[in-house]
Amino acid sequence: MIFVDSHVHLEDHRYDNDREDVLKRAQENNVGIIATVCCLTKTGDADFTVNLLEREGIYGIIGIHPHDASFYNEELAGYLRKVLQHPKIIAIGEIGLDYFYKHSPVQTQQDVFTQQIALAKELKKPIVVHSRDAASDTLEILKWNYKESEMAGVNGIMHCFSGDLDMAIQCISYKFLISFSGVITFENAGKLREIVKIIPLESMLSETDAPYLSPVPFRGKRNEPAYVVKVTNKIAEIKQMPVKEVAEKLYNNFNLLVE
Ligand SMILES: [Zn+2]
Ligand SMILES: [Zn+2]
């Protein structure tokens, strides 16, 4: 049985003192697939991630986060394009809209999101979408770009999904996978668990978004890839299915992105 952490920030400074131990614990817990997300703000930022990709089972996702949309310029776009040639960088992300923090102006976020989607479509790469308090604008942009999409397989991942059922169903119709994090273990996440129950396992993924969002019982502490087991267990519990079966399905779903 192999568990999949489809979204973690391994380069985060909170792992600087014990990154090897963190990766070892992932291995010991059968977390055999880890996709690490690198958020670019300047050229050269991907070096650390590219080094990590030499390890078995580690893949990269790279892009300009909505928080950092103001850093986007021609030079950075060119650098992103170049780094994406690496065979183990499987997607552009995380990209999208974050109206909760608005670290970058809304219009800039939308422009940079759209530009990176255009690049993804040109290179036939999936995208990893971060959307917070911006459901309707996110859906509008996805609809515009992916409704008539011809791309085989999956167009992308809605990471750390926090929307409603309608949003999940729409994203699935645009050939996106819905990725759930440790949030589904939180006591007040009943609505999210309803969505896990309803949407098909074929459209789902598991993630930690570590170092953030530790699942119960580690809530409030630093998160790490090994804890994706807790997320997968929770999905299995909600779906009333054996964990083994769930893990296998999620593993197959992730592999659609690697092919
Ligand atoms: Zn995110
Ligand atoms: Zn993230």
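All values reported here derive from a predicted model rather than from experimental measurement. We count ligands from 1, going down the list as the structure has it; atoms in each ligand are counted the same way.
Between K42 and D45, at least one side-chain nitrogen of the basic residue sits less than 4.0 Å from a carboxylate oxygen of the acidic one, meeting the salt-bridge criterion. For E237 and R193, the salt-bridge test fails: no basic side-chain N is under 4.0 Å from an acidic carboxylate O. Taking the charged nitrogens against the carboxylate oxygens, R222 and D18 do have a contact shorter than 4.0 Å, which makes a salt bridge. Using a cut-off of 4.0 Å between Lys/Arg side-chain N and Asp/Glu carboxylate O, E20 and R55 are scored as salt-bridged.
Looking at Y227, its side chain never comes within 3.5 Å of a backbone N or O of F218 through a donor-acceptor pair. The main-chain N or O of C38 is never found under 3.5 Å from a side-chain atom of E11 such that the two would form a donor-acceptor pair.
Here 3 is the count of protein N, O or S atoms positioned under 2.8 Å from the Zn ion (ligand 1), waters not counted.
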